[in-house]
Amino acid sequence: MGITIKINNEEYDFEIGETILEVARRNGIYIPTLCNLEGTKPTGACRICIVELGKMSAPVASCSTPAAPGMDIQTESPRIRKARKTIIELMMISGNHNCSAIGNSKANLTDFMQEVIEYDGSGSICTAYGECELQSLAYKYMVNNRTLERIPTNYPLENIDPLIGRDFSRCILCGRCVQACTEVSVINAISHGYRGNVAKIVARGDKPLPDSECVYCGECLQVCPVGALYEKRSKYDQRVWDVTREKSTCYYCGIGCRIVVSTKNNKIIKIDGSDEGEPNRGQLCFKGRFGYDFLYNDKRLTKPMIRSGGKLKEASWEEAYNIIIDKIREISGKYGSESIGCVVSPKYSNEDLFMLKKFIEKVSGKTNIGHSEPYSKFKIEYSQIGEYEKIVLIGTDIARDNPVAANYIKQANLKGSEIIEINRKKTDLSKYAEIKLKDLSEFKPDSKINYLVIYSPEYDISSLEGKSNISLNSINSENNTAGAYMVGIANENFEDMKKKKMVFSVSSIPSNEFNTEFLVVIDQFGVESFENADLILPPSVWVENEGTYVNSQHKIYRMKKIVEPPGDTKSLRAIFGELLNLSGSGIKKSTPKYIWDEMIRKDLNLSDDIAYSKLKKGPVQIVDGFFKKISLKSSGSKNDRFRTHKLLCNHCEGLSVIAEKRINPGE
Amino acid sequence: MVEVKVGLGTCGISAGGYTVYDELKIEKDKNNIDFELKETGCMGMCYREVLVEINDDNGKWLYAEVDKAKVKKIVEDHLISGNPVEEWLVKIGKSESEDPFFEKQKRIVLRNCGEIDPNSIDEYVGMEGYSAIQKVINDDSPEEVIKSITDSGLRGRGGGGFPTGLKWKFTREAPGDKKYIICNADEGDPGAFMDRSVLEGDPHSVIEGMMIAAYAIGAEYGYIYVRAEYPKAIERLRTALGQATEKGYIGKGIFGSKINFDIKIKEGAGAFVCGEETALIASIEGKRGIPRVRPPFPAVKGLWGKPTNINNVETLANIPWIINNGPEAFASMGTEKSKGTKVFALAGKIAKSGLAEVPMGMTINEVVFEIGGGIKGGGKFKAVQMGGPSGGCIPASMGDLKIDYDEITKTGAIMGSGGMVVLDETTCMVDLAKFFLTFTQNESCGKCTFCRIGTKRMLEILEKITLGKGEEKDLDLLEELSYKIKESSLCGLGQTAPNPVLTTLKYYREEYEAHIRDKKCPAHSCAALIEYKVIPDKCTGCTLCARNCPVDAIEGSVKEIHWIDPEKCIKCSLCFQACKFDAIEKI
């Protein structure tokens, strides 16, 4: 038997270094917390987690007190409950906690609500009502707020930011947002400011958030236990009883962050990082968190468009299909079937991409399909980044391309890992780099040290290959690049495909870059970027469809359909399933399950272990053998990736706000 | 040669010390007299600044309240003609009789203050300076030094009273190749100026103390964290550090050994909370000065994550004396558990305010009456407030209490860093508690809930009471909040913030009750609860009060008895102060 402590009269083992709170949580003993943020250093600010160490000694904060042998702890003694009630009441009476207004006999309800209306212009009950951790505690500890006078708030609502609302009247100064900003995303945009009763969470110099170093990762929003920070676009859509929550995977880069999608009336209103573990452990970046409203953009196409009389006009799917089939016949006849090609951006599911590839193979007789993303693999878990003493970043601006991975790198740096950056340009991580080199040839690794190399997939790192002390890793910028490679779509013929006579463009390349006789564009938006297109098909995307995706770690995830696609949009697999049938292939079904189990798995000889039904349980790692590893380091690809993001930004309020300030994706 | 020293601590300077100094210089040059004119630090008698000491063959002659006009006479009579100006003297040559202010004191920490020129390292060396550090380097192992300090019984003079030797031992034993010693000179209690005076009067003793501590714990770097509001202290510290570096006393290979030691000065921006060790460390690191949780303790993980020992100015100034005179000599002074001396900054309603160093074990009455000369203006001694905003009140009835860490703690006050505010019958204890709570509320860093919101709530209740709007249950609420804040705040600031309220409630509950029940302030201090009245028997009808009243609340014509209209009166007290016949009373 190891060393033990007693909690509520029961003995529990613990390890040196564990806090009382950790031991309690590990054993399912409830201790309330507010300022505690897992994965960051405890601050001991809120004091709600105090526990009793014996009648004679003062209570201690369990979040920050290490367990010691022989401790005899009470977590809910009358003395502790009384102290907690006081803490909760002290918080509840400061500011506009109007969830408690009715229980507060000290405050004149009408005056109080009047004050709230003057403060935030709505007079609505706090946006966090129903999910507020403070409110829950007040309920649990039966706090009636009757002993003390309410004090109004010191600072006005900060409402000028388009994405993040800051309601100081509801801030309890737990400091979790500061922890998130300094220890999770390591941006250091916000901190504690002022002192005593006028303390406030401030951005540098107490400027409004938009003028600060904030990069809109929104980590602070996610950790705020009360209604002080909220996503502005859905401020009053967030009532917990109106909202449905589903887990999914992010639409953006190859990390494939796990997300929790909140929807209301078939519409996404908020996205949070899912804390289920790898890869992102709850973290998200600005793209993943705010970049969802392109789905609801006015310019989104919901019907096929065909060129008639020089102009693009709405049409039915049937009309569009007929034109496509006719054109294929015509062009094959004129130039041979191999003059038909396809370029695709790997943002679609494996099933979508597979059906697209099948169709192109059928009509061109070849694998005339390419994308522009280099092959890459991230070999370790992201949380293992911190285990390396030396992290080498080669040619990558990772804080912009894959911000969550940059979080892990900065966290590792805080704990002592050294960053070596090899890049001609200055990046967002340059300031953390101990060593900065211009060219890979200047890098002289020490054979006794283990290096973690994270490189841009475009960068030639062949000189580092085959060294046992160097782990080479890269991350794609598109979420299903690995899936595309898996189903057999690579990047070697991308440029050639653009020059074919008839091109299916499932990408964001502007139509004037093609030299075709007939251009079919499949994209959510279109008319502006694709004015030369002969035909545009509107796809449903991402959480509008069910399907499987492979992230840059080569883990396969199955994703649910969360919202209904708008208008007449269709999934790629449905579009090309129907076109295949029209071209004479008997495709029985185009459901994701059928395509995965009966087509992809058979095609690739994948075992029953990754049957569609089994993927439901969680991600499965895929071994390298299944990838068609023809990969060119460069295929003019960067342009396409940035175009995709730029196009999204232009159609996404959430991203365009940030784009202006930060990502400038057109560069 | 005859020495003439001018007390040029901040106290002397603000009383016009430099004018006196310059005048002495002019007179010296004009009369071509051969004497050495010197600056020195605070001599302690702050209530009689500017002080000038003449040191000649007949002993030390101390002149008090010297101004420009008096200089000429002192120069002519004393320095030229050899006839001391007796009526201005507080210390007379070789005479045994000293001013009782000095007689009862035992100056260890202040051994050189007011004696030597703080800008001269040679004078410090002349007073056995830098001999203790050489002694320990040559003769003692670090463990032996720690043992000496432990044996001396020295406890932390910053207020906590933690045994210094033990603190050093922890840092010594903490694993780590790099360690730091920090001198905490962030003296922030209202009414406290002990550390400032030591730094201004004898900076080298603090530096030497740090060197010995550094040697004992194994540190090569030291920081002095001093508030920017102490410009003179910083200036003299910089001079001292420059001189010590120039002489090779600090730097690489000190005193021929292989030991390196360097000191940096870090100026703080005057946040009270930065006196708390972990907040102080954060501030040196360039971060916001807020306390963090412990453990880890600074002795294990302090500045830049390295083992760090933090001592207060006064603690460090004791160190060279202990090494030179032996721990036994130090331990022979004081009580069983509190050894040595303590410097107090006497302030408030005391006749002789100033700096006094007394052996531990002296009673409060001795300090107040024998050294401090009792209450200014002959009022009645009511209480002393010790330990500043973290401390509490000790009532006059407990005046026989010995100055001893543990005895004082038993009363609910704390020894603190040495602020001793003396109160008389005109001080309202509720108002006093409010004063200190206002201070802590403003100086709270705002991090933990109890200290941020709890003290604010307490302050509001106190405000209510002093306005006569208090309710009976407020006292229970005050007490309840006090105990919770004390128990569960994050750092020392919050944990001690309720002390002024708790001690006044303990000893003067009836004053609180008078405010609440009778709507009266027994000390006639809370404006909302007093009334100004003309005493008809004494009023001569001079109209002075009416002429001074800013709101025309006083009626009455010449040679008639005046009357104050309570409806109009704003209780500004101007009439009370103006009346030459004591014909206005506060009730």
Side-chain angles (χ1 to χ4, degrees), chain A residues 17 19 34-35 41-52 57-66 68 79-80 82-95 134 147-151 154 172-175 178 182 188 191-202 416, chain B residues 269-274 278-279 282 287-296 301 305 437-461 463-464 469 473-474 476-478 480-491 493-495 497:
Chain A
T19 63
L34 280 172
C35 67
K41 275 184 262 149
T43 62
C46 76
R47 317 309 287 169
I48 198 80
C49 72
I50 50 170
V51 292
E52 187 159 345
S57 54
V60 295
S62 61
C63 69
S64 52
T65 308
R79 176 175 164 213
I80 291 298
K82 250 181 119 177
R84 286 198 190 130
K85 278 177 96 147
T86 306
I87 296 171
I88 297 162
E89 181 164 356
L90 287 172
M91 288 176 172
M92 292 293 266
I93 52 151
S94 316
L134 178 63
T147 2
L148 298 162
E149 303 277 353
R150 193 181 80 85
I151 35 160
N154 295 304
I172 55 170
L173 287 154
C174 68
V178 177
T182 52
N188 296 310
S191 179
H192 295 268
Y194 306 108
R195 282 207 298 242
N197 185 49
V198 292
K200 179 191 181 189
I201 305 295
V202 294
Chain B
F272 181 65
V273 73
C274 286
T278 58
K287 298 176 187 149
R288 176 177 162 84
I290 48 177
R292 61 155 172 77
V293 294
R294 350 170 172 206
K301 246 182 155 179
L437 213 62
T438 310
F439 180 85
T440 31
Q441 163 57 207
N442 285 336
E443 293 294 338
S444 159
C445 75
K447 181 177 174 182
C448 80
T449 315
F450 276 120
C451 186
R452 181 182 69 246
I453 319 177
T455 56
K456 172 81 180 164
R457 289 287 82 84
M458 286 178 66
L459 182 59
E460 280 174 356
I461 297 171
E463 269 161 6
K464 248 175 73 182
K469 293 176 184 162
K473 63 174 187 191
D474 282 345
D476 294 336
L477 192 56
L478 262 183
E480 200 191 320
L481 274 173
S482 293
Y483 286 121
K484 282 179 185 157
I485 293 167
K486 253 177 100 82
E487 263 187 11
S488 303
S489 287
L490 172 65
C491 83
L493 192 151
Q495 286 159 11

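Residue numbers start from 1 in every chain, and the chains themselves are labelled A, B, ... in the order their sequence lines are given, proteins ahead of strands. Because the structure is a prediction, the values reported are computed rather than measured.
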Can you tell me which portion of [X] sits under 4.5 Å from chain A's heavy atoms? Options are side chain, backbone, both or neither.
X	value
B:Glu460	side chain
B:Lys447	both
B:Leu459	neither
B:Thr455	neither
B:Leu477	side chain
B:Arg457	side chain

Inset, instruction - Dump the intermediate steps for side chain to side chain contact (heavy atoms under 4.5 Å, CB included) on A:Met91 and A:Leu34, then the final yes or no. - result: CA-CA 11 Å; A:Met91 288 176 172; A:Leu34 280 172; 3.7 Å; yes

Inset, instruction - Using non-hydrogen atoms and a 4.5 Å limit, figure out which bit of A:Ser94 sits close to chain B: side chain, backbone, both or neither. - result: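 Contact with chain B involves the side chain of A:Ser94 alone.
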
Legend entry - B:Lys484 bridged to B:Glu480 by N-O distance under 4.0 Å: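 Looking at B:Lys484 and B:Glu480, the cut-off is met.
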
Would you indicate whether the side-chain heavy atoms of [Y] and [X] approach each other to under 4.5 Å?
X	Y	answer
A:Ile151	A:Asn197	yes
A:Lys41	B:Arg292	no
B:Val273	B:Ile290	no

Option that, when pairs with chain B are counted at under 4.5 Å, heavy atom only, ranks first among [options]:
options	answer
A:Ser57, A:Gly193, A:Ser191	A:Gly193
A:Pro59, A:Ala199, A:Cys46	A:Pro59
A:Lys82, A:His192, A:Glu89, A:Lys200	A:His192

Inset, instruction - Among the options B:Glu443, B:Lys486, B:Arg288, pick out the one with the most heavy-atom pairs lying under 4.5 Å from chain A. - result: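 Highest number of heavy-atom pairs under 4.5 Å: B:Arg288.
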
Check: [X] side chain, [Y] main-chain N or O, donor-acceptor pair, under 3.5 Å:
X	Y	answer
B:Gln495	B:Ser489	yes
B:Ser444	B:Gln441	no
A:Arg84	A:Ile50	yes

